[in-house]
Each structure stands twice: as C-alpha cells, then as structure tokens.
Amino acid sequence: MIKILIKANLGNLNGLSYHRLIVPYTKVSDLVNFKCDVYEDLDIIPDEVIKDYQYIVYQREIDVNGKSLEKINRFKKLGCKVIFDIDDYWQLPATHALHRVYKQFNIVKQTEEILRNVDIVTCTTKILAEKIKPFNKNVKVYPNCLDLTDEQWQPNKIKSELVRFGYIAGVHHVQDVKILQLPIRKVARHNINAQFVLGGYTPNDHYKEYEFVMNHGKYMRLNALSVYEYGKAYNYTDVSLIPLEKNIFTEGKSEIKLLEASAYGNAVIVSDVKPYNIFPKDTAIFLDNTDVNGWFKAIKRLTESEQMRIDYASKLTEYTNQNYNLTEWTEKRKQDLVLELV
C-alpha cells in the first residue's frame with residue numbers, strides 16, 4: 001500500500017487546498033492500494049509514524065519562518081519523498097495585494113529554496129511548469145479538475161427574466177475587476193436586459209472595490225459560501241465574466257474559472273490572456289482588456305441571443321469534458337506515484 005500524508009487544515013479549508021489537495025487526493029485514496037491522510041500539523045507527528053508514509057504533500061508553502069529546508073530534510077531522512085504543489089507564480093506584481101507581505105517574508109527566496117530541494121513539484125499548467133523547471137526538473141502537470149459528482153457542481157439554475165452576468169471570485173482580484181468598470185457603466189446607460197451578479201461577497205475592502213465596479217443598473221450580491229458550496233452561486237448566473245490582468249503572474253494561474261463556468265453551462269467572456277486563451281476560440285469570447293466597446297458589445301450580444309449563449313457553453317463543456325476529466329487525471333497521478341517509487 002502507498003501511503004500519502006497531506007498537510008492541510010480541514011477545519012479551515014481554503015479554495016486552494018480544496019482544489020489542489022482534497023479533491024484530487026480523495027480520488028487517489030479511493031483507489032486500491034492507496035491511502036491518504038490529512039493532518040494540520042506534521043511537526044507533532046512522531047518519526048516512527050512518518051516512516052510509514054511514502055509521500056509527504058505540501059501546498060504553496062512549508063514554513064514561512066524559514067525552516068522549510070529543515071522540514072524537507074527530516075522527511076527525506078525518514079525515507080519519504082516530498083511533493084510540493086504550487087498553483088501560482090511566486091513572483092507577484094507590485095499591484096498585487098500581497099506584494100508587500102511577500103517581500104516582508106522573502107517568499108520568493110523561500111519558494112525557490114523549496115522548489116530546489118523537494119523530490120517532486122506538481123503544478124496546474126505547462127506554462128507554470130516551465131517557470132519551475134530551472135529550479136526542479138521533476139515537475140508534474142496536473143490541471144485543476146472539478147468533481148462533477150459533488151453537489152456544488154450539479155446545476156440547479158434559478159430562473160430569471162434577466163440575463164445574468166456573474167463575477168465569482170475570491171480576494172486579491174481588485175486590479176482584475178477594474179477591467180469591467182467602463183463596460184459595466186456603459187451597459188447601465190443602455191436599456192439592456194442584463195444583470196450583474198457578484199458572488200463570494202465578504203464585507204472587506206476587496207469586495208467593496210468589486211462592488212464599486214459592479215453595482216450599476218440591475219445588480220445582485222451573493223454572500224460567500226464555504227469551499228464545499230461556493231459553486232452554487234453559479235445557479236444565479238447565465239454568463240461568466242473572467243477579467244484578468246495581462247502580466248507574468250496571471251500567466252501562471254490555472255483555468256479553474258472556465259471549468260466552473262462549464263459545469264454550470266455558462267457562456268463566458270474572458271480576457272485574452274494566458275492561460276485562458278489557450279482554450280479554442282469557439283469556447284468563449286476572448287477580449288483585449290482595453291477594448292471597452294468590445295466587452296460592451298459581447299455583453300449586449302449574449303443578452304440578446306440565447307442561442308449564442310448555448311453555442312458557446314456547449315463548446316466549452318465539450319472541451320472541458322475531454323481535457324479536464326478528474327478520473328483520467330487521477331489515473332495519471334496514480335501511475336506517476338507508483339513510478340516515482342521504482
């Protein structure tokens with residue numbers, strides 16, 4: 001039996017750990033001859049217990065106080081292979097809300113030290129893998145995949161006379177959402193049967209900025225839900241808006257928002273940036289961030305044409321089902337885990 005020990009806090013699980021650790025490794029654990037355990041604090045687990053595991057899995061960080069290498073070496077001496085999962089580029093633009101924190105804790109240097117010393121790095125895209133390879137050649141790409149058997153990814157759309165354009169996102173996207181400001185204001189000045197929906201709302205400065213952009217004309221606010229339920233917000237949307245700044249940090253992101261939209265049969269308007277624009281051009285409407293009139297026209301056209309919404313949604317669902325199948329990627333991960341021990 002291959003045993004895997006995962007560092008995560010199930011009592012306060014964030015979306016990152018949900019998508020990168022819990023969903024994929026739950027599927028691995030369902031396989032014969034695999035067992036996955038999750039603990040919040042691996043430091044308190046005795047060496048004799050650690051020795052029973054073949055793999056230790058961390059996500060994004062190991063120890064922000066500079067003791068990552070010490071912990072990696074402990075596991076290696078006990079015969080374990082250390083897997084480090086990372087889903088974002090670790091160098092943040094100056095406009096990012098966490099830029100100052102990253103600089104304060106020297107996160108870039110710490111992350112690169114981790115990358116050099118772990119046995120395996122897992123990430124979301126080939127683009128991010130290329131950024132990792134100078135530090136560690138043993139990189140495995142496993143895209144984010146949704147568990148479509150999970151209740152939150154099974155649509156139960158709430159009917160509306162309006163065509164609803166949803167922006168559903170976590171914090172740290174203030175610069176992204178500003179891309180929508182002028183298009184939304186232009187829509188509000190015209191007699192268009194569209195409603196803008198903000199999902200994930202939490203009473204903090206980030207979402208106040210989001211609401212400043214989106215609260216024009218017909219508007220709906222949806223409060224934040226847990227990581228096990230947040231997908232249900234898509235029941236109040238027909239089209240997904242995915243604005244993203246064009247920079248090296250965005251290039252390292254995953255395509256998760258297209259997968260979420262696909263699960264709910266939504267059409268999508270998205271910034272024409274990597275990694276999203278790697279999707280076929282008939283799966284979404286891809287637009288330059290500065291093309292205010294283009295965003296406005298896309299919103300207007302999708303509002304007026306149900307068939308256009310259906311066509312884009314159908315192509316997107318077809319593509320995601322073929323390329324982001326959780327069962328198939330679980331099999332790939334299983335094969336890799338077995339081969340690494342040979």
Locate the shortest heavy-atom distance separating I184 from V213; write the atom from each residue and the value.
CG2-O, 3.7 Å
Modelled atom types, side-chain donor and acceptor of [X] and [Y], under 3.5 Å:
X: N277; Y: D272; value: yes
X: D311; Y: Q307; value: yes
X: D147; Y: T149; value: yes
X: K157; Y: N266; value: yes
X: N138; Y: E340; value: yes
X: T303; Y: N193; value: no
X: S254; Y: D87; value: no
X: R20; Y: N144; value: yes
X: S17; Y: N9; value: no

Quick check: are there more than 12 heavy atoms from other residues, nucleotides or ligands sitting under 6.0 Å from [atom1] of [X]?
X: K246; atom1: NZ; answer: no
X: K315; atom1: NZ; answer: no
X: K186; atom1: NZ; answer: yes
X: K76; atom1: NZ; answer: yes
X: K274; atom1: NZ; answer: no
X: E211; atom1: CD; answer: yes

Could you measure the distance from the CG atom of L287 to the CH2 atom of W295? Nearest 0.5 Å is fine.
6.0 Å
Side chain proximity check, [X] to [Y], heavy atoms < 4.5 angstrom:
X: E255; Y: T125; value: yes
X: I256; Y: H19; value: yes
X: V174; Y: Y210; value: yes
X: I269; Y: L302; value: yes
X: V268; Y: V239; value: no

ring-ring contact (aromatic ring centres under 6.0 Å, His included) pairs, two or more places apart, involving residues 120-153:
W90-F135, W153-Y230
For this output row, return yes or no: ring centroids of [X] and [Y] closer than 6.0 angstrom.
X: H173; Y: H206; answer: no
X: Y228; Y: Y18; answer: yes
X: F196; Y: Y167; answer: no

Residues which pass side-chain contact (heavy atoms from CB on, under 4.5 Å) with E331, listed by chain and number, not counting sequence neighbours
K334, Q335
Using the side-chain hydrogen bond (donor to acceptor under 3.5 Å, both in side chains) rule, collect all pairs that involve residues 92-107, keeping only residues at least two apart or in two chains.
none
Show me the pairs that pass side-chain hydrogen bond (donor to acceptor under 3.5 Å, both in side chains) and involve residues 41-59, at least two apart or across chains.
D37-Y53, D43-K71, D47-R74, Q59-D85
For K35, does its backbone N or O pair with a side-chain atom of Y25 as donor and acceptor, under 3.5 Å?
no
Suppose we screen for salt bridge (Lys or Arg N to Asp or Glu O under 4.0 Å). Which residues come up paired with K257, at least two apart in sequence or across chains?
E260
Salt bridge (Lys or Arg N to Asp or Glu O under 4.0 Å) filter on E229, not counting sequence neighbours, yields K232
Tell me which one of C145, S262, P143 satisfies side chain to side chain contact (heavy atoms under 4.5 Å, CB included) with T320.
S262
Note: E70-K67 ion pair, threshold 4.0 Å (strictly below):
no
Test applied, ring pair (Phe, Tyr, Trp, His ring centres under 6.0 Å); reference residue, F279; option that passes from F286, Y319, Y312
Y319
